[in-house]
Amino acid sequence: MQKKNDLAVPQVLIVREFSAPRELVFEAWTSESQLCHWFAPSGCQIRYRKFDFREGGEYHSCILTPDGKECWCRGEYRKIQQPELIEFTMAVSNAAMQPVEPQDVGMDPQWPRETIVTVFLEEIPTGTRLTLRQTVDEALAKRTGAHPSWLSMFDRLAERLN
């Protein structure tokens, strides 16, 4: 049986360039008020019940879809190196911040209970190159909509930074 975090499985890898200084891109990830403007796919909203941006700090958020569905997530900030690296976990949860099985909330049963997201920011002549990695099979992420959701969020982030 293949492990969900086996490096042989292609993980989500997204590279996106922003025409903004690295410090501004980094700051967009660091506060609840900024994340509320872009950290949900287009047409959705996000709200936070908990937000503690520091190594070891936790967050608990809910993405609200246009049809009223709630998608709860919780995680921990594992590594923060300003202004170049943010690593955090993303786990499926309920409104009480308790972990739940993905299939219990209507997600694909192959979706892992928890993934690790790593965001690298590097300066480039035109602004900032963001490289995102998520420890989930990329084909699964594309099939479930998670991958396109990242792309939509980065479009919203680009609009916010301009």
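Both backbone and side-chain heavy atoms feed into the values below; hydrogens, waters and symmetry mates do not.
- In this structure, the side chain of Ser152 engages the main chain of Ser42 through a donor-acceptor pair within 3.5 Å.
- Using a 4.5 Å cut-off between side-chain heavy atoms of Ile, Leu, Val, Met, Phe, Trp and Tyr, with links allowed through other members, Phe120 and Val25 fall into different hydrophobic clusters.
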Please report, to 0.1 Å, the donor-acceptor pairs under 3.5 Å made by any side chain of residues 95-105, with sequence neighbours excluded.
unit_1: Glu101; atom_1: OE2; unit_2: Arg113; atom_2: NE; d: 3.3
unit_1: Glu101; atom_1: OE2; unit_2: Arg113; atom_2: NH2; d: 2.6

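- Note: Trp38 CH2 to Asp155 CG = 11.5 Å, rounded to the nearest 0.5 Å.
- Counting all heavy atoms, side chain and backbone alike, Lys50 lies closest to Glu58 at NZ-OE1, 2.9 Å.
- Follow the hydrophobic side-chain contacts under 4.5 Å out from Ile46 and you never reach Trp72; the two are in separate clusters.
- Shown here for Met90 and Val117, the closest heavy-atom pair between the two residues is SD-CG2, 3.5 Å.
- A side-chain donor-acceptor contact under 3.5 Å links His60 to the backbone of Asn94.
- Formation of a donor-acceptor pair under 3.5 Å by the Thr30 side chain with backbone atoms of Glu27 is found in this model.
- Under the 4.5 Å side-chain heavy-atom criterion for grouping Ile, Leu, Val, Met, Phe, Trp and Tyr, Ile116 is not connected to Trp111 through any hydrophobic cluster.
- Taking every heavy atom of both residues into account, Ala158 and Arg16 meet most closely at CB-NH2, 3.6 Å.
- With rounding to the nearest 0.5 Å, the separation of CD1 in Ile14 from CG in Leu151 is 4.5 Å.
- For the atom pair Arg47 CZ and Glu70 CD, the distance stands at 5.0 Å (nearest 0.5 Å).
- Residue Leu35 comes nearest to Ala28 through the heavy atom pair CD2-O, 3.5 Å, listed as atom of the first residue, atom of the second, then distance.
- Put simply, the side chain of Arg156 gets close to the backbone of His37: a donor and an acceptor are under 3.5 Å apart.
- Contact between Ile63 and Cys44 at its shortest, heavy atoms only, is CG2-CB, 3.8 Å.
- The line from CD of Gln45 to CG of Leu64 is 6.0 Å long, rounded to the nearest 0.5 Å.
- To the nearest 0.5 Å, the span separating SG on Cys62 from NZ on Lys69 amounts to 10.5 Å.
- With hydrogens and angles ignored, the 3.5 Å screen pairs a side-chain donor or acceptor of Glu55 with a backbone N or O of Ile80.
- Taking CD of Glu123 as the reference point, atom OG1 of Thr128 lies at 7.0 Å (rounded to 0.5 Å).
- Classified by interplanar angle (parallel below 30°, tilted 30° to 60°, perpendicular above 60°), the ring pair Phe51/Tyr48 is perpendicular.
- Between Tyr59 and Tyr77, the ring centre distance stays below 6.0 Å.
- Exactly one residue among Leu121, Leu85, Val119 makes a side chain to side chain contact (heavy atoms under 4.5 Å, CB included) with Phe26. That residue is Leu121.
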